[in-house]
Amino acid sequence: MSEFRGKRIVLGVTGGVAAYKAAELVRLLVKAGAEVDVAQTAAGAQFVGAATFQALTGRRVWHGLWDERMDSGMAHIDLTRGAAALLVAPATADFLAKLAHGLADDLLSTLCLARDCPLLVAPAMNRQMWENPATQRNIAQLRLDGVSILGPAYGEQACGELGDGRMLEAGELFDDLYASLQAKPFAGKHVLLTAGPTFEALDPVRGLTNSSSGKMGFALARACVDAGAEVTLIAGPVSLATPRGVRRVDVQTALQMRAAVMQSLPGQNVFIGVAAVADYRPRQTAPHKIKKGPGSLTLELEANPDILAEVAALPDAPFCVGFAAESRDLAAGAEGKRVAKKLALVVGNLVQDGLCGDTNAVTLFDAAGAHGLPLADKSEVARGIVAHIVALLGGQHVQH
Ligand code: CTP
């Protein structure tokens with residue numbers, strides 16, 4: 001994880017129970033390479049102590065307007081200079097009201113006014129406070145002022161009630177913050193992906209499948225969303241969380257995957273087939289468990305449709321990208337698939353480099369030749385693939 005390498009984030013913590021999630025967020029950000037400066041309001045310091053944030057960030061926590069640590073004596077201005085973003089999480093109803101009116105009577109509210117970096121807020125409050133017209137008015141005003149509002153979520157609240165107002169989880173805030181800092185070359189584009197294995201049932205408990213984890217496809221879906229695309233992900237049976245902002249359709253079999261793809265296809269600009277689709281399915285699925293008997297068992301298989309080839313052959317086909325996992329002769333296998341299926345791009349990898357793990361080393365094959373990407377985390381590889389697709393869509397030749 002290196003999403004925030006070289007970036008400094010200022011995290012404002014106001015007085016809400018959800019401050020404990022801010023501590024977890026700091027941990028995630030630091031792990032991803034960020035430098036994090038925490039500024040707490042007086043109420044915020046009542047919930048999670050400065051020592052916790054200090055230990056997690058390795059830096060002193062900021063509290064008052066009159067802090068003498070900044071040489072200029074201008075902590076209210078200097079702290080956000082050069083920062084990638086200022087995120088207030090949790091942001092109480094009271095703090096949002098202050099922000100909407102431009103009040104600046106403590107360090108954090110002053111930092112929010114005197115900044116040249118993006119401001120994001122993660123509301124955290126009781127559902128009635130959230131639904132109150134005053135809060136809604138303030139939120140609408142903050143949106144107009146260009147402030148990004150992250151959440152809130154629906155769920156159980158500290159007061160025991162159920163409703164809107166719960167702060168997003170640390171991982172969700174991490175993803176939203178990261179996405180907000182990315183360029184949006186895919187804005188206005190629609191991307192459809194398949195991911196994971198398929199499962200072809202032999203009987204109610206057994207089936208044909210493969211060891212695809214779905215991680216590469218899910219990482220790509222996320223990279224496409226981060227780049228500004230509207231993303232639909234048709235997923236085979238995997239137990240991965242849906243990336244934020246992605247529309248997900250779960251399927252089991254290749255036939256279901258094909259039907260879901262065809263249904264979602266109208267209006268798509270890009271189709272990326274990442275799924276390891278079973279090439280064959282049992283000719284028959286037994287309605288009851290197949291009992292063992294003497295001797296061997298013969299299964300009769302029939303071919304599944306090639307979803308990617310079918311999409312690429314359509315007269316109004318989107319920009320089509322395929323994956324080729326080979327155990328040897330990568331270039332010949334991948335380039336062969338690109339030509340045979342009439343694809344703009346094939347992402348090739350050797351199975352020993354990518355299957356199931358968290359890293360991958362891929363080579364991109366397009367009409368201009370082969371372009372290797374270095375071995376990296378799948379999320380970083382996904383960003384490299386998205387950059388390549390964006391360049392190809394823009395008509396550029398790409399050198400990596
Ligand atoms: N694909 C598909 N539908 C299928 C099979 C594959 O959409 N029924 C897509 C995959 O998502 C991937 C690419 O096609 O993008 C893989 O090509 P394929 O020729 O199927 O790879 P293998 O099955 O590994 O082929 P082979 O066994 O011939 O190497």
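Each ligand, and each atom within it, is numbered from 1 in the order the structure gives. Reckoned from all heavy atoms, side chains included, excluding hydrogens, waters and symmetry mates.
- In the hydrophobic clustering (ILVMFWY side chains linked at under 4.5 Å, chained through shared members), Leu162 is joined by Tyr154.
- Of the charged side-chain nitrogens involved, at least one lies within less than 4.0 Å of a carboxylate oxygen, so that Asp203 and Arg206 count as a salt-bridged pair.
- The shortest heavy-atom contact between Pro374 and Val381 is O-CG2, 4.5 Å.
- Side-chain contact between His388 and Leu345 is present, with at least one heavy-atom pair separated by less than 4.5 Å.
- For the side-chain contact (heavy atoms from CB on, under 4.5 Å) test, residues two or more places apart in sequence or in another chain that qualify with Asp94 are Thr92, Lys98.
- For Glu169, the side chain to side chain donor-acceptor pair (under 3.5 Å) test picks out Lys21, Arg166, with sequence neighbours left out.
- Near ligand 1, residues Gly273, Val274, Ala275, Val277, Asp279, Pro305, Asp306, Ile307, Leu308, Gly322, Phe323, Lys337, Lys341 each place a heavy atom inside the 4.0 Å sphere around the ligand atoms.
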